[in-house]
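Structure first, then comments.
Residue numbers start from 1 in every chain, and the chains themselves are labelled A, B, ... in the order their sequence lines are given, proteins ahead of strands.
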Number of protein chains: 2
Amino acid sequence: MGQLSTAAAPRWMLTRRFTESAGTLDSPVLPLADFDAWFAGRRAACDTQVDRVPLDRLRDWRTLPGGDLAHVTGRFFSIRGLRVRTDANPDGWSQPIIVQPDIGALGIVVREFDGVLHCLMQAKMEPGNVDGPQLSPTVQATRSNYSGVHRGRAVTYLQLLRPAAGGRVLVDSLQSEQGSWFLRKLNRNIVAEAVDDLPLADNFCWLTVGQIHRLLRRPNVVNMDARTVFSCLPLSAPTDEGDDFRAVLRRSITGPAAYHGLADVTSWLTDVRFRRELVQEVVPLDAVSSWRRTSTDIRHDSGRYFTIIGVDVRASREVTSWSQPLLAPVGQGLAALLVRRIDGVLHLLLQARVEAGTNQVAELAPTVQCCPANYRDVPRDRQPRYLADVQAAAAGSIRYDVVQSEEGGRFHHAQTRNVVVEVGDDFPMDVPPDYCWVTLHQVAALLQHPGYLCVEARTIVGCLRALAY
Amino acid sequence: MGQLSTAAAPRWMLTRRFTESAGTLDSPVLPLADFDAWFAGRRAACDTQVDRVPLDRLRDWRTLPGGDLAHVTGRFFSIRGLRVRTDANPDGWSQPIIVQPDIGALGIVVREFDGVLHCLMQAKMEPGNVDGPQLSPTVQATRSNYSGVHRGRAVTYLQLLRPAAGGRVLVDSLQSEQGSWFLRKLNRNIVAEAVDDLPLADNFCWLTVGQIHRLLRRPNVVNMDARTVFSCLPLSAPTDEGDDFRAVLRRSITGPAAYHGLADVTSWLTDVRFRRELVQEVVPLDAVSSWRRTSTDIRHDSGRYFTIIGVDVRASREVTSWSQPLLAPVGQGLAALLVRRIDGVLHLLLQARVEAGTNQVAELAPTVQCCPANYRDVPRDRQPRYLADVQAAAAGSIRYDVVQSEEGGRFHHAQTRNVVVEVGDDFPMDVPPDYCWVTLHQVAALLQHPGYLCVEARTIVGCLRALAY
């Protein structure tokens, strides 16, 4: 059968190659000690200036009749109103939401050095970043970049993501972005292998998967776009007999033993999607109740949730400068994962979560996902399920606790505390109908398809998995 | 590992059981000869009367300010306007569209008789049916049925789809409906096994998968809802050395040899979704241009596409009677699949197709999908790609050619000619960027997840696969 392939082999080879890179915790190409100096240099050299400006003074943005905030070209994104009704909230609510119909591409170019895959990462400044540049995919491109709507330079390395241009696509997965802030936004997570030598542009470096895993233990270094691509890498892990945390974590990655079969997990999600209700209606921003637009910003009457602000962005050494709105959450987010050993295999308690902008009603989210500040005055019995378990977790049960940033291209200083808490054998296996125990092996299978894991889940799952190497 | 399962085993067992049922071409439970008499009796006994009424006189429906047509309860579905812009049509167009945010459940209950799975099928009348009752899933339910919004009787057998009620879910898959007529509509395709004896209600019968496959060769017997559930059944097929059509078809079903790996197929679709553009904007129906609403109906100025009409529905022996709008296409649809042997394995030429109401930009569709009447006066070079190949196909190359109906609950006399044409070795393997060669084995893997195959593709793929037994 000369023309035919068998589909199974390549995925295994791919897994082996990425796993070897994950096991390479440091690399002579750029040792982490040198990375630190290089990255500090990138942050020091960054001269991007971001200044708050009133929404009424954003260059090239205008307020449409009805109140929507849009770019004069009609491209990029707009801030509109969304009216939402769910089964849990039949009276519904309305809110501003970011509408961006184009699919973004988040692409990491990889290449072998001494037989080990390295990732081409970029120290990239975004206007909403809290700490200056963060480590980003090789390319963050919108369809508009691709088709040349931006009149700036061509996007560096972008052409490698096209197989025809000498790259080889290893991973390619469509995934969602923040459902509370975006309306059904999708991005494409892509990893392509460069076969030929590549010039190393300014602000770029080569790192192994293992090195980047180590950087995930630090706050606000690896940006959201890089984290979501990383969560889609196929990885295995060496397994051994032990029952320390790393051993049970590794068995969760390598599978296939699991409390529920994968078909039962997808059937459970389908059942939640069928039982729950999510009716989304785009409305003019002026029709959103309890939110107030001033010349300066858009905010909720209660001061909760988020504010839409405006910024001017300018890098003094470059010609490029622009204005744009950003969504600024009022407080730090919390994404918490309860994990539990079941017969020596770590299981994650995922929630099927309905958010304002979710596509297909619900996606798998961390056990707890909220902005705790929004619940400060709310009685305990109306707070998010399991929030109290996370807040009361003993220090010895916390396996990961790091603040990471959401995407700085749309969100202003949006930080999320990512926490993994291991619960004991006394924690009930029976969970409410919107929750389910799954392994990392199952999560990896689901991440090959769109619409299963929300972006907050992808971050924390990737950070947890990184602890195995 | 007492509490843990391994995920792979159940799918294989399931495949074996459904394959055995597919190989059972007739059954003593209800031989096809007896089925014919029974089904003719059901059609003769059907006293449902469907009368055209002007849209302005639909009971319990009203025209909202802005022109949308909605049920007085705000439930069920509504006819609204949609403005669409794509990369191929940057000026865009607008059209009426059916909006139904709830997910429907299409459920088939199965049970073993003498060790062979039989499906509980229903002879069900829908107001838009062309030929009276058709063979339908055990249950067609909306979330509203489920939660009791309908004030009628409880839906028969519905409780079996809930695992807690003694059923066992074997297949559970979220899939889309017609993208040209529905805005991002989803249905749940579910098969559940009944463990206990079941009373056989009026209008119900037990048939094997093999018997239903034979009925798929007849026009308008197996309804769309049943066909989409059937397309999701896991099936294998005995393979042999021959190179007749059935042998190459069976190798396509059983896999895994394929021209492209499955990851390459999903990556190709992701690339199309990224490159193409689909911007959907719900607008008031009055704002839809080139369409005219009269007291009677809604139709396009050119007479093309479809008409929205109203009907009164009454079954004289029952209390139930209602009014509703239906979408009536102006001509017969065409869903055509070009298939080709590649190294002795049948491959299907699927198209990644963008439609007005498609979720996530594009889904896999038949090679040709259109209403040929809409292209009668259009120059050849602006007609759908490969339409001429289908129209010119020699009789000897046509493997399947049967008219099937679209769903009669929303569509009036909507019929589609489903054609499978086998092309020869001289047909080029190189196809345009929005087309791809896939096997039935790969299609089955994709159908375990939402959003890959559109409903027209699911019908023709299921009808093609049925020829293997």
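Note on V282(A), V361(A), N359(A): by heavy-atom pairs under 4.5 Å with chain B, the leading option is N359(A). Per-residue heavy-atom pair counts under 4.5 Å with chain A were compared for N187(B), D172(B), V279(B), V99(B), and the maximum is reached by D172(B). Among E281(B), E277(B), R273(B), the residue making the largest number of heavy-atom pairs under 4.5 Å with chain A is E277(B). With chain B as partner, the option from H347(A), Q448(A), Q280(A), R80(A) having the largest number of non-hydrogen pairs under 4.5 angstrom is R80(A). Taking chain B as the reference chain and counting heavy-atom pairs below 4.5 Å, the highest number among G451(A), P101(A), G104(A), P450(A) is found for P450(A).
When all heavy atoms of I97(B) and G179(B) are compared, the pair lying nearest together is CD1-O, 4.5 Å.
Partners of H441(B) under the ring pair (Phe, Tyr, Trp, His ring centres under 6.0 Å) rule, at least two apart in sequence or in another chain, do not exist in this structure. Applying the ring pair (Phe, Tyr, Trp, His ring centres under 6.0 Å) rule to F18(B) yields no partners; only residues at least two apart in sequence or on another chain are considered.
Interface residue R184(B): only side-chain heavy atoms are found under 4.5 Å from chain A. For chain A, no part of V265(B) is nearby; none of its heavy atoms comes within less than 4.5 Å. Heavy atoms of L278(B) lying under 4.5 Å from chain A belong exclusively to its backbone.
Put simply, the side chain of H260(B) never gets that close to the backbone of A258(B): no donor and acceptor are under 3.5 Å apart.
The aromatic rings of H449(A) and H449(B) sit parallel, their planes meeting at an angle under 30°, below the 60° perpendicular limit.
Of the listed residues (L106(B), L447(B), V229(B), L186(B)), just one forms a side chain to side chain contact (heavy atoms under 4.5 Å, CB included) with Q175(B), and that residue is L447(B).
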